[in-house]
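Accompanying notes for the structure given below.
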Amino acid sequence: MSGWDKFVETFFNAKVMWKYLPDILSGMVVTIELALLIVVTGLGAGLALALLRSLAIRPLNWLIIFVVDLFRSLPPLVIIVLMYFGLPYAGPAPSGFVSTWLSLAFVLMAFSEEIFWAGITSIPKGQWEASRSTGLSFGQTLFNVVLPQAFRLTIPPLTNRTISITKGTALGTVVAVTEILGQASSAMSNSYNPSPLMMGAAAYVVLFLPVVVAARWIESKFAWKR
Amino acid sequence: MATNHIVDARAIHKHFGTLHVLKGVDLKVDERELVFIIGPSGSGKSTLLRCLNRLEEPSSGSIVVDGIDMLNPKTDINHARRRIGMVFQSFNLYPHMTALGNVTLALRKVAGKGRAEAEALGRAALERVGLAERADHTPGQLSGGQQQRVAIARSIALEPRVMLFDEPTSALDPELVGSVLEVMRGLRESGMTMIVVSHEMGFARNAADRVVFMDDGLIVEQGPPAAIFETPSHERTRAFIGQIQRH
Ligand SMILES: Nc1ncnc2c1ncn2[C@@H]1O[C@H](COP(=O)(O)OP(=O)(O)OP(=O)(O)O)[C@@H](O)[C@H]1O
Ligand SMILES: [Mg+2]
């Protein structure tokens with residue numbers, strides 16, 4: 001057997017792959033569910049916080065900044081572990097799935113709030129003034145004039161953050177979530193073969209590549225000639 | 001508050017922190033009048049204009065525009081602002097919308113017009129500034145002069161009772177200034193009340209009813225253009241006029 005054949009036999013073993021394909025697929029379903037929940041709630045909460053912050057209510061803004069900085073500085077794994085193993089002492093006992101979802105959603109909320117906020121503040125004051133001078137209210141100006149321009153600026157950093165944080169779903173393994181990586185590594189130890197890990201890697205590419213492509217498309221759609 | 005003037009601002013003071021920028025300005029403007037405000041940089045011209053539609057909150061004083069008490073907390077300021085158009089030095093068009101989108105936004109959101117009616121009114125306003133055929137262009141595809149005319153259309157589409165202009169031609173290349181002044185002249189002929197801060201002395205001379213000279217937060221003197229330009233009675237006015245005429 002040549003070196004190449006040995007390599008294929010080890011890392012892309014067809015028999016092993018076929019056997020564990022269903023596990024990897026079910027892991028993909030869990031990862032997709034987790035990722036969608038994290039993206040929707042994380043970005044939604046991040047945007048909501050940025051909008052609250054634009055109201056310029058001092059004590060509220062201090063609170064927002066504190067929460068955002070806290071979740072930006074804690075390693076996501078620590079938040080997941082605290083929520084799963086620590087929270088039960090205080091009463092609620094979230095499952096591994098819920099712990100992973102909420103932890104990463106908080107992290108995405110924190111990072112996306114900063115990105116949305118930076119987008120909102122980067123819009124020149126003259127845009128607000130022109131709009132307000134024609135009688136639009138604060139909220140109408142925010143939604144019709146400022147946010148559409150701000151979103152365009154936030155799409156690239158937001159996509160990067162969103163992808164890197166949703167990839168953190170792999171951390172769910174630690175709290176027994178059967179997502180892609182969890183399935184792949186238990187299959188690997190059961191089969192004494194790394195092929196399932198390769199399948200796991202392929203699964204991530206299949207999941208995230210379309211997201212990257214979609215982001216590029218949205219970006220170009222939001223662009224306008226200056 | 002009864003008044004014969006469409007704009008009646010009294011004893012306007014404005015502080016920015018410790019900086020006293022307006023020191024008791026009275027400005028009354030008649031209907032269909034074109035008032036030109038001149039003065040050195042930092043004298044408070046922009047601040048005064050911005051107080052009139054409350055983009056800036058005056059520290060004290062009273063402002064009545066078209067019978068509306070602008071400083072009364074009970075006044076619906078968004079409703080009042082529809083009657084006061086404002087044109088900025090930097091145009092401030094919405095870059096993510098077409099020219100027509102810029103003009104129709106407030107028609108739809110503030111004046112409550114349906115899409116079709118707003119578009120008809122918007123196209124008519126663009127027509128008035130000579131840009132009907134540019135309705136579907138975005139600001140980035142328009143020259144500075146065209147952008148400023150779209151900005152004027154955005155204001156006049158709401159049928160304001162007064163128009164405020166803050167150095168509308170200062171950001172323009174010299175060859176584009178004429179087209180904007182032309183539109184302003186047309187507005188004046190249609191009877192629009194206008195308050196204009198500008199250095200376009202030629203325009204002031206043949207279009208203004210009154211020239212107001214401001215310095216250091218106060219109105220120093222005012223009168224017909226000829227009087228202010230030829231025979232100013234204050235030394236500061238004379239010095240300022242002399243300065244800009246040398247340019
Ligand atoms: N938002 C602000 N905060 C603090 N100071 C301000 C603010 N706006 C204006 N000022 C100050 O108020 C003074 C008057 O400014 P204003 O813009 O009204 O002058 P202006 O007559 O329009 O001058 P210019 O011809 O340069 O436009 C200046 O000293 C300016 O620095
Ligand atoms: Mg100014």
Side-chain angles (χ1 to χ4, degrees), chain A residues 43 46-47 50-51 54-58 61 112 115-159 214-226, chain B residues 46 49-50 52-56 76-98 101-112 125 136-142 147-148 150-160 162-166 171:
Chain A
L43 292 181
L47 179 59
L51 294 182
S54 73
L55 298 178
I57 304 167
R58 278 265 178 87
N61 283 7
S112 65
I115 293 170
F116 284 128
W117 179 246
I120 290 173
T121 53
S122 72
I123 303 306
K125 213 165 127 250
Q127 293 287 308
W128 284 96
E129 293 180 345
S131 173
R132 296 305 305 272
S133 77
T134 56
L136 270 77
S137 67
F138 175 87
Q140 287 174 322
T141 302
L142 188 61
F143 284 102
N144 293 286
V145 175
V146 176
L147 284 182
Q149 298 183 56
F151 279 148
R152 174 180 172 267
L153 300 168
T154 58
I155 287 169
L158 217 46
T159 335
R216 276 195 207 289
W217 178 75
I218 297 173
E219 229 171 286
S220 66
K221 230 189 107 142
F222 263 79
W224 58 84
K225 289 208 176 71
R226 285 228 158 236
Chain B
S46 298
L49 275 197
R50 295 157 56 82
L52 294 181
N53 67 353
R54 245 179 81 189
L55 277 186
E56 217 68 80
D76 178 351
I77 191 68
N78 295 323
H79 190 264
R81 280 179 179 148
R82 267 175 66 188
R83 300 158 180 251
I84 310 172
M86 187 165 215
V87 174
F88 304 84
Q89 178 173 352
S90 49
F91 326 139
N92 298 346
L93 290 183
Y94 315 132
H96 58 303
M97 296 180 185
T98 61
N102 270 271
V103 178
T104 53
L105 180 65
L107 283 171
R108 293 199 289 123
K109 301 292 171 186
V110 186
D136 299 322
H137 289 50
T138 58
Q141 299 167 317
L142 299 173
Q147 288 188 53
Q148 191 61 298
V150 172
I152 294 174
R154 175 170 66 183
S155 286
I156 61 177
L158 294 164
E159 300 187 346
V162 188
M163 288 277 293
L164 312 174
F165 292 84
D166 193 357

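Quick note: numbers below take in every heavy atom, side chains included, and nothing from hydrogens, waters or symmetry partners. Reminder, nothing fancy here: chain letters follow the sequence lines and each chain counts from 1.
- Note on ring orientation: taking the six-membered ring where Trp is involved, the planes of F151(A) and F116(A) are perpendicular (angle over 60°, cut-offs 30° and 60°).
- The contact between E129(A) and chain B is made by backbone and side chain atoms together, counting heavy-atom distances below 4.5 Å.
- Within the 3.5 Å criterion, the main-chain N or O of F88(B) finds a donor-acceptor partner in the side chain of Q148(B).
- Judged by distance alone, with hydrogens and angles left aside, the side-chain atoms of Q140(A) form a donor-acceptor pair with the main-chain N or O of K109(B) at under 3.5 Å.
- Counting heavy-atom pairs closer than 4.5 Å to chain A, the top residue among L105(B), L107(B), N53(B) is L105(B).
- Of the possible donor and acceptor atoms, none in the side chain of S131(A) sits under 3.5 Å from a partner among the backbone N and O of Q127(A).
- Judged by distance alone, the side chains of N78(B) and S137(A) never bring a donor and an acceptor atom under 3.5 Å apart.
- In this structure, chain A has no heavy atom under 4.5 Å from any part of R54(B).
- Here L55(B) is the residue among D76(B), I84(B), L55(B) with the most heavy-atom pairs under 4.5 Å with chain A.
- Both the backbone and the side chain of Y94(B) come within contact range of chain A, each with at least one heavy atom under 4.5 Å from a heavy atom of that chain.
- Only the backbone of L93(B) comes within contact range of chain A, with at least one heavy atom under 4.5 Å from a heavy atom of that chain.
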